[in-house]
Amino acid sequence: MARIAFVNGRYAPLSESMVNIEDRGYQFSDGIYEVIALVDGCLVDETPHLDRLWRSLSELKISEPLSRPALKLIIREVLRRNYIYDGIVYIQVTRGVAPRDHAFPQEAKPSVVIYAKRKPLKKLLQKAKTGVHVITVPDQRWQRCDIKTISLLPNCLGKQQAVEQGAYEAWQIDQQGYVTEGTSSNAWIVTAQGVLVTCPASQNILRGITRDRILALAQSCGLGYEERLFTLEEAYQAREAMVSSATSLAMPVIKIDDHMVGNGHPGDFASVLLEAYCLYMKEKSVPVPGLRRS
Ligand code: PDD
């Protein structure tokens, strides 16, 4: 069955969906995106994801492509047309099509692309049972990592290095030796004293929707946490480590570079948080009407 995408007002098979070569997303990475998880036919934390999408648009001065209710309708229609029940929906908005010029065009209509992909939760949970490895790379990004832009080249280079070394993710290390975040996830440790730590929200990281949800869950589970910088040295000594994102949930990390984390198995904090997150997704997400399994 052909996958169907929404591209600038039309639903069409992915293979026939095209963008103009003068789209500023294509030429300048002049655009933003969101990835929202769909679990058991429910969109997870759609509202904060759309809030962040609107914030990214506003930070880059890209005009609103359509109203929020319209965007929500299209997201649901894409999911229905693709019979996706477990997976992700990808939403991208670029500044639009205009003759190539670095300065913003006087008039350009933002381009909108929405499509979805199947991604079974079961596989992810299987991976979480054993945990994953991360490597570390220098953080080579710009100073506005809080905007979810499609300009992801340093992230791609880091992830590729991770893949080449058989790792799941690369943690990016800033010039002072602090861990900022993964290439497509937020980074966490649990200190020897049993405190959950993640980098504070600033312009140096993407403030993950999953990150914020995990902090709220940590609080309701009575787990101590701190939003503060931590160094790679501290991470090497950590009792536990974890990455979080819409596509990784709360994934235990058992090795950082060549250093085994704790006893080399997923720890208690990660297990409690993953369980709490799964329960949250199950109980608090609203089903997409009319979704059918393929
Ligand atoms: N990435 N940090 C970066 C650099 C990310 O790209 C992401 C998400 C996150 C976690 O954000 P959230 O919890 O809202 O998913 C942190 C998505 C999944 C991606 O690019 O595919």
Side-chain angles (χ1 to χ4, degrees), residues 3-36 43 46-79 81-82 88-117 139-160 172 180-181 183-184 201-209 245-247:
R3 285 167 65 198
I4 306 293
F6 173 89
V7 181
N8 290 327
R10 274 188 67 219
Y11 295 94
L14 227 62
S15 54
E16 292 167 25
S17 301
M18 295 189 193
V19 291
N20 191 303
I21 60 164
E22 283 197 315
D23 190 288
R24 288 180 63 91
Y26 180 62
Q27 293 191 324
F28 295 114
S29 300
D30 188 359
I32 56 101
Y33 76 107
E34 275 299 325
V35 175
I36 310 178
L43 287 161
E46 182 187 26
T47 302
H49 277 283
L50 295 186
D51 289 345
R52 188 173 63 186
L53 185 140
W54 252 261
R55 176 182 185 273
S56 298
L57 287 173
S58 146
E59 290 299 313
L60 295 187
K61 300 186 172 65
I62 296 176
S63 55
E64 196 178 301
L66 23 83
S67 72
R68 195 154 156 152
L71 185 66
K72 288 174 78 166
L73 276 178
I74 297 164
I75 290 172
R76 282 154 180 72
E77 189 57 24
V78 166
L79 292 170
R81 286 186 187 223
N82 286 280
I88 55 138
V89 57
Y90 178 88
I91 308 153
Q92 178 178 304
V93 183
T94 70
R95 199 176 304 277
V97 177
R100 187 176 183 277
D101 182 0
H102 288 65
F104 296 173
Q106 291 286 330
E107 277 180 37
K109 209 166 131 267
S111 304
V112 180
V113 168
I114 302 174
Y115 70 110
K117 199 169 107 183
D139 196 334
Q140 307 186 85
R141 300 173 301 162
W142 71 332
Q143 274 103 52
R144 289 306 308 272
C145 298
D146 56 312
I147 306 171
K148 199 162 171 65
T149 109
I150 56 172
S151 184
L152 290 171
L153 196 49
N155 308 54
C156 295
L157 293 173
K159 185 78 94 184
Q160 177 59 21
Q172 301 170 103
T180 52
E181 61 179 336
T183 63
S184 63
S202 71
Q203 294 190 351
N204 298 331
I205 66 159
L206 182 78
R207 180 173 183 170
I209 304 304
S245 76
T247 48

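Just so it is clear, the values below take in all heavy atoms, side chains as well, and ignore hydrogens, waters and symmetry mates.
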For this session: In sequence, state the C-alpha distance, the side-chain angles, and the governing distance for Asp146 and Arg55, and then conclude on side-chain contact (heavy atoms from CB on, under 4.5 Å).
Result: CA-CA 10 Å; Asp146 56 312; Arg55 176 182 185 273; 2.9 Å; yes

Exercise. Partners of Tyr90 by ring-ring contact (aromatic ring centres under 6.0 Å, His included), sequence neighbours excluded?
Worked result: Tyr33, Tyr115

For this session: Sorted by first residue and then second, give each salt bridge (charged side-chain N to carboxylate O under 4.0 Å, His left out) pair with at least one member in residues 59-71; sequence neighbours left out.
Result: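 Passing the test, one end in residues 59-71: Asp51-Arg68, Glu59-Arg144.
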
Problem set entry | Where at least one partner belongs to residues 147-160, residue pairs that pass salt bridge (charged side-chain N to carboxylate O under 4.0 Å, His left out), sequence neighbours excluded |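 As it turns out, the salt bridge (charged side-chain N to carboxylate O under 4.0 Å, His left out) pairs with a partner in residues 147-160, which skip direct neighbours, are Lys159-Glu169.
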
For this session: Please confirm whether the backbone N or O of Ile36 pairs with a side-chain atom of Glu46, one donor and one acceptor, at under 3.5 Å?
Result: no

Exercise. Can you tell me if Asn82 uses its side chain to pair, donor with acceptor, with the backbone of Ile4 under 3.5 Å?
Worked result: yes

Does any non-hydrogen side-chain atom of [Y] lie less than 4.5 Å from one of [X]?
| X | Y | result |
| --- | --- | --- |
| Phe104 | Ile62 | no |
| Leu43 | Leu79 | yes |
| Leu206 | Arg52 | yes |

Shortest non-hydrogen contact from [X] toward [Y]:
| X | Y | result |
| --- | --- | --- |
| Leu14 | Ala5 | CD1-CB, 3.3 Å |
| Lys72 | Leu50 | CG-CD1, 3.6 Å |
| Phe6 | Gly9 | CZ-N, 3.2 Å |
| Val93 | Pro110 | CG1-CB, 3.8 Å |
| Arg141 | Asn204 | NH2-O, 3.3 Å |
| Val112 | Pro65 | CG2-CB, 3.4 Å |

Gap separating the [atom1] atom of [X] from the [atom2] atom of [Y], nearest 0.5 angstrom:
| X | Y | atom1 | atom2 | answer |
| --- | --- | --- | --- | --- |
| Gln160 | Asn155 | CD | CG | 13.5 Å |
| Leu66 | Leu71 | CG | CG | 5.5 Å |
| Asp139 | Thr180 | CG | OG1 | 3.5 Å |
| Ser29 | Ile150 | OG | CD1 | 5.5 Å |
| Ile32 | Leu53 | CD1 | CG | 3.5 Å |
| Arg207 | Ile147 | CZ | CD1 | 15.0 Å |

Taking distance alone, no hydrogens or angles, what donor-acceptor pairs closer than 3.5 Å link side-chain atoms of residues 16-26 to residues at least two apart or in another chain?
residue, atom, partner, partner atom, Å
Ser17, OG, Ala12, O, 3.4
Ser17, OG, Pro13, O, 2.9
Asn20, OD1, Glu22, N, 2.7
Glu22, OE2, Arg100, N, 3.3
Asp23, OD1, Gly25, N, 2.8
Asp23, OD1, Thr94, OG1, 2.7
Asp23, OD2, Thr94, OG1, 3.3
Asp23, OD2, Ser111, OG, 2.6
Arg24, NE, Asp30, OD2, 2.7
Arg24, NH1, Asp101, O, 2.7
Arg24, NH1, Ala103, O, 3.2
Arg24, NH2, Asp30, OD2, 3.1
Arg24, NH2, His102, O, 2.9

For this session: State which residues pass side-chain contact (heavy atoms from CB on, under 4.5 Å) with Ser58; sequence neighbours excluded, sorted by chain then number.
Result: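 Result, side-chain contact (heavy atoms from CB on, under 4.5 Å) vs Ser58: none returned.
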
Exercise. With sequence neighbours left out, what residues match Lys117 under side-chain contact (heavy atoms from CB on, under 4.5 Å)?
Worked result: Arg3, Ile88

